[in-house]
Amino acid sequence: MNNFSFYSPTYFVFGKERENEAGALVKRFGGKRVLIHYGGGSVVKSGLLERVKNSLSNADISFVELGGVVPNPRSGLVYKGIELCKKENVDFILAVGGGSAIDSAKAIAIGALYDGDFWDFFSGKKKIDKALPVATILTLTAAGSEGSNGTVITHEDGMLKRSAGSNLIRPVFSILNPELTCTLPPYQTAAGAADMMAHVMERYFTNTKDVEITDRLCEAIMLTIKNETPKALKNPYDYEARANLMWAGTLAHNDICGVGREQDWSSHQIEHELSGLYDVTHGAGLAVIFPAWMKYVVKHDVLRFAQFAVRVWGCEMDFQNPEATAYQGIECFEQFMKSIGMPVRFAEIGAKAEDIPLLVEKLALKSTLGNFVKLTPEDVRKIYELAV
């Protein structure tokens, strides 16, 4: 196990009707003038936004609103939010929604205390050294942004999808009420499961030896996603299934599973170009890319893939031919994605083989990508081709 430092300060408030505590929590964490940041649609129609505003008002917290967040959140709204925060002297941002609303809120939190272009932090020109405090009320189990130190934004100039990260943008508190996810469309529930599974697998496929504790944590979360997703799809109002998935999504990406081990993250970056170019749901794009990546790198560590097959998918170990077990596990993963309604090939998300050179070019690799296997642009091209 490698040396590590782990800092995860988010205060989690989990359970039914906990969104009604938003005002008291904002006051507890020092907020006086709040930007409520959200998408629209169900947040408004369900009455959630009104309940949040009432909670803030009851706690004597003033607020301004900015809706309009879309999946694969855009730079244009971030710029608008930064301008609003500066104009209104906002000192706290409350994101109400899924990962897109939270990521957009985090980007606004960075830019609100910066005199330059917030994109400097996403293009690698600047490191985050301060940010407004961010809190969340989660409505979609997927991205894990309610507990993570990262944010991903798509810049509309070139549709470049890039990430930034710092413990300064970990939410100070996150309210997790599983009931808020019960009205999600089946596709969004399934895409969320794919996203969560991918977050774990980016950490699970590692070159670091003797990491049994985090291996087992990863496997437990993947098993939970595998077991509970079909239940939530069959009965959307199964509170226990929704509750287990919601907490699994948080644990999948707050990095408790990633400490002490080298992580990969090539599949996420490869997928970012898909969702940047085609505006596909991130989890759906990952369901396409991950099986292709697995097939391409499996021979790098056959025994790790065989372990994945046995411990997560219940395959029987073929000690005479562990490679067969490894491939069986990949097939099980791909079939699981299909069974919950996720795409696994380019055509299913509207991606085109003729765009592969553009996808590789937009990735703008200066050297290699990932850690489990260090991928060159030619490797990435072959992975995209396997996804076709």
Side-chain angles (χ1 to χ4, degrees), residues 12 14 38-39 41-43 46 48 69-73 95-104 136-148 150-152 171 174-203 218 220-254 257 267-268 271-272 274-275 279-291 333-334 336-344 348-349:
F12 291 102
F14 191 100
Y38 57 95
S42 62
V43 170
S46 67
L48 173 60
V69 181
V70 297
N72 299 312
V96 183
S100 295
I102 299 169
D103 279 8
S104 186
T136 85
I137 300 175
L138 187 65
T139 64
L140 173 61
T141 301
S145 198
E146 71 277 2
S148 79
T151 170
V152 181
S174 285
I175 295 174
L176 279 61
N177 176 0
E179 290 181 314
L180 299 178
T181 68
C182 289
T183 56
L184 286 172
Y187 188 84
Q188 291 300 327
T189 296
D195 196 357
M196 291 152 54
M197 188 76 83
H199 287 155
V200 181
M201 293 188 301
E202 295 281 20
R203 296 169 167 97
C218 288
I221 294 170
M222 288 189 283
L223 281 166
T224 297
I225 297 165
K226 168 193 166 187
N227 295 336
E228 300 300 315
T229 301
K231 295 179 186 177
L233 290 172
K234 182 178 180 180
N235 176 12
Y237 291 89
D238 184 334
Y239 178 82
E240 300 305 334
R242 293 289 188 181
N244 277 295
L245 284 173
M246 181 168 266
W247 192 235
T250 300
L251 295 180
H253 202 38
N254 75 343
C257 294
S267 294
H268 263 72
E271 191 288 323
H272 282 170
L274 282 181
S275 50
D279 203 23
V280 64
T281 300
H282 181 51
L286 287 167
V288 171
I289 292 299
F290 240 108
F333 169 70
E334 190 170 75
F336 174 72
M337 289 293 107
K338 289 181 180 180
S339 74
I340 63 173
M342 281 289 95
V344 294
E348 297 174 79
I349 57 171

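Computed from heavy atoms alone, side chains included, the values below leave out hydrogens, waters and symmetry copies.
Taking NE2 from H253 and CG from D195, the interatomic distance works out to 8.0 Å, rounded to the nearest 0.5 Å. K226 contributes atom NZ, which lies 10.5 Å from atom OG of S339 (distance to the nearest 0.5 angstrom). Between the OG1 atom in T141 and the CG atom in L245 there is a gap of 6.5 Å [rounded to 0.5 Å]. Atoms OG1 and CD1, from T189 and I340 in turn, are 9.5 Å apart once rounded to the nearest 0.5 Å. Interatomic distance, L274 CG to I349 CD1, rounded to the nearest 0.5 Å: 4.5 Å. With values rounded to the nearest 0.5 angstrom, E228 atom CD is found 16.0 Å from W247 atom CH2.
Within the 3.5 Å criterion, the main-chain N or O of E146 finds a donor-acceptor partner in the side chain of S174. Side-chain atoms of E334 do not come within 3.5 Å of backbone N or O of V344 as any donor-acceptor pair.
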Starting from the C-alpha separation in whole Å, work towards a yes-or-no answer on side chain to side chain contact (heavy atoms under 4.5 Å, CB included) for T139 and S42. CA-CA 9 Å; T139 64; S42 62; 5.7 Å; no
Could you go step by step and tell me if V280 and S275 meet the side chain to side chain contact (heavy atoms under 4.5 Å, CB included) rule? CA-CA 5 Å; V280 64; S275 50; 3.7 Å; yes
Go through it in stages, so that I can follow the logic: the residues are M342 and E348, the test is side chain to side chain contact (heavy atoms under 4.5 Å, CB included), and I'd like the CA-CA distance, side-chain angles, deciding distance and then a yes or no. CA-CA 9 Å; M342 281 289 95; E348 297 174 79; over 6 Å; no
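If you run side chain to side chain contact (heavy atoms under 4.5 Å, CB included) between E179 and each of N177, T183, T181, only N177 comes through. Just one residue in the list L140, I137, L138, V96 forms a side chain to side chain contact (heavy atoms under 4.5 Å, CB included) with L180, and that residue is I137.
When all heavy atoms of A232 and A241 are compared, the closest pair comes out as N-CB, 4.1 Å. Scanning all heavy atoms of the two residues, the minimum distance from P73 to V152 falls at CG-O, 3.6 Å. When all heavy atoms of I102 and G97 are compared, the pair lying nearest together is CD1-O, 4.3 Å. The shortest heavy-atom contact between P71 and S100 is CA-OG, 3.4 Å. When every heavy atom of A143 is checked against every heavy atom of H199, the shortest pair comes out as O-CE1, 2.8 Å. Heavy-atom minimum distance, F12 versus G147: CZ-CA, 4.0 Å.
Residues T224 and M196 fail the side-chain proximity criterion, which asks for heavy atoms closer than 4.5 Å. Put simply, the side chain of R242 reaches to within 4.5 Å of the side chain of P236, judged on heavy atoms. Contact annotation: the side chain of K231 never approaches that of E240 to less than 4.5 Å [non-hydrogen atoms, C-beta and beyond]. Between M197 and F290, the closest side-chain pair of non-hydrogen atoms is not below 4.5 Å. Using a 4.5 Å heavy-atom threshold, the side chains of T281 and Y187 count as touching.
Judged purely by distance below 3.5 Å, without hydrogens or angles, the side chains of S145 and D103 pair a donor atom with an acceptor atom.
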